[in-house]
Participant: 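First the structure, then my questions, so here it is.
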Amino acid sequence: MNKDKIFKLAKGFRGRAKNCIRIARERVEKALQYSYRDRRTKKRDMRSLWIQRINAGTRIHGVNYGNFMHGLMKENIQLNRKVLSELSMQEPYSFKTLVDISRTAFPGNKNVVHAPKKEGLSMLV
């Protein structure tokens, strides 16, 4: 890369990294490596966030994430995790119908035992 392009990419860097060509070249190269790497980790992070949201939404209705997704697969409902997480947050009634469909499709969803509710001081005694 030529000097002008490096200084253009180094705009906003701190110290001599923005106006000394040797340091700017190293910092720009490292910044490009970070951006390349983090474009891939961003996809992983978003997928794990979607899975956490779906899991939270399904546990409210007494089904865990794995059984919910297996039930959807058996019913041939092809919604991706991004859409399912949005449904769990924005459209709880629609999401509940999906959970019910998944529950009927997969027998492992029916015998889910809810944990007893903990109330106040009674759990200390």
Side-chain angles (χ1 to χ4, degrees):
M1 283 193 274
N2 63 6
K3 194 188 303 190
D4 294 332
K5 188 169 182 181
I6 287 176
F7 282 138
K8 185 177 180 184
L9 290 172
K11 194 171 192 175
F13 287 4
R14 298 182 69 174
R16 289 195 306 163
K18 67 177 170 281
N19 52 18
C20 181
I21 187 63
R22 181 177 291 171
I23 298 170
R25 183 176 290 126
E26 292 169 0
R27 291 290 90 216
V28 165
E29 185 177 340
K30 195 65 175 177
L32 292 173
Q33 289 172 359
Y34 286 143
S35 66
Y36 178 84
R37 178 196 68 190
D38 292 338
R39 281 194 297 273
R40 278 123 190 98
T41 58
K42 181 181 176 184
K43 294 168 182 58
R44 284 180 236 149
D45 293 342
M46 292 307 294
R47 182 183 166 99
S48 67
L49 176 67
W50 296 332
I51 289 172
Q52 289 170 10
R53 288 178 177 170
I54 295 168
N55 193 15
T58 56
R59 286 186 185 268
I60 291 171
H61 302 295
V63 178
N64 66 12
Y65 169 78
N67 290 342
F68 171 70
M69 293 303 284
H70 186 68
L72 290 182
M73 184 190 69
K74 283 208 174 254
E75 282 292 317
N76 198 21
I77 297 174
Q78 298 177 350
L79 292 173
N80 61 15
R81 286 162 182 82
K82 182 179 180 179
V83 171
L84 287 171
S85 73
E86 289 296 317
L87 279 175
S88 71
M89 291 180 357
Q90 307 297 331
E91 297 285 335
Y93 295 116
S94 303
F95 189 73
K96 184 176 183 345
T97 58
L98 285 174
V99 172
D100 293 339
I101 292 170
S102 171
R103 185 179 282 140
T104 58
F106 182 58
N109 289 336
K110 293 180 182 173
N111 299 327
V112 176
V113 178
H114 296 286
K117 291 185 178 180
K118 299 175 184 174
E119 296 184 21
L121 297 175
S122 64
M123 65 181 212
L124 295 175
V125 178

Participant: L98 and L72: which non-hydrogen atoms are nearest, and at how many Å?
Facilitator: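 Minimum heavy-atom separation between L98 and L72: O-CD2, 4.1 Å.
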
Participant: Same cluster or not: are L49 and M89 linked, directly or through other Ile, Leu, Val, Met, Phe, Trp or Tyr residues, by side-chain heavy atoms under 4.5 angstrom apart?
Facilitator: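 As far as the 4.5 Å side-chain criterion goes, M89 and L49 are not connected within one cluster.
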
Participant: Excluding sequence neighbours, so at least two apart, what forms side chain to side chain contact (heavy atoms under 4.5 Å, CB included) with E26?
Facilitator: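 Side chain to side chain contact (heavy atoms under 4.5 Å, CB included) check on E26 returns R22.
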
Participant: OH/Y34 to CZ/R27 distance, rounded to the nearest 0.5 angstrom?
Facilitator: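 Going from OH on Y34 over to CZ on R27, the span is 6.5 Å.
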
Participant: Any salt bridge linking R103 with D100? Criterion: basic side-chain nitrogen under 4.0 Å from a carboxylate oxygen.
Facilitator: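 Counted as a salt bridge, because a side-chain N and a carboxylate O are separated by less than 4.0 Å.
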
Participant: Where is the tightest heavy-atom contact between A10 and A24, given as atom of each residue plus distance?
Facilitator: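 Nearest heavy atoms, A10 then A24: CB-CB, 4.2 Å.
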
Participant: Are V63 and M73 connected in the hydrophobic side-chain network, where two residues link if heavy atoms are under 4.5 Å apart?
Facilitator: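 No.
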
Participant: Nearest 0.5 Å please: distance from the CD atom of Q33 over to the CD atom of E29.
Facilitator: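 With rounding to 0.5 Å, CD (Q33) is 5.5 Å from CD (E29).
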
Participant: Is the number of heavy atoms from other residues, nucleotides or ligands within 6.0 Å of CZ (R40) greater than 12?
Facilitator: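 Yes, the 6.0 Å shell around CZ holds more than 12 heavy atoms from other groups.
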
Participant: Within the distance-only criterion (no hydrogens, no angle test), does the side chain of S85 pair as donor or acceptor with the backbone N or O of W50 below 3.5 angstrom?
Facilitator: no

Participant: What is the minimum heavy-atom distance between R81 and I54, and which atoms define it?
Facilitator: O-CD1, 3.5 Å

Participant: Could you list who else is in I6's hydrophobic cluster, with ILVMFWY side chains joined at under 4.5 Å, directly or through other members?
Facilitator: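 I6 clusters with M1, F7, L9, F13, I21, V28, L32.
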
Participant: Salt bridge or not between K8 and D4? Use side-chain N to carboxylate O under 4.0 Å.
Facilitator: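 So K8 does not pair with D4 through a salt bridge.
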
Participant: Just how far is it from atom CD of E91 to atom NZ of K96, taken to the nearest 0.5 Å?
Facilitator: 15.0 Å

Participant: Rounded to the nearest 0.5 Å, how far does OH of Y65 lie from OG1 of T58?
Facilitator: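 Spacing of OG1 (T58) from OH (Y65) equals 9.0 Å.
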
Participant: Rounded to the nearest 0.5 Å, how far apart are CD1 of I77 and OG of S102?
Facilitator: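 OG of S102 is found 7.5 Å from CD1 of I77.
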
Participant: Does any N or O in the side chain of D38 come within less than 3.5 Å of the main-chain N or O of T41, such that one atom is a donor and the other an acceptor?
Facilitator: no

Participant: If you round to the nearest 0.5 Å, how far is CD1 of I101 from NZ of K74?
Facilitator: 15.5 Å

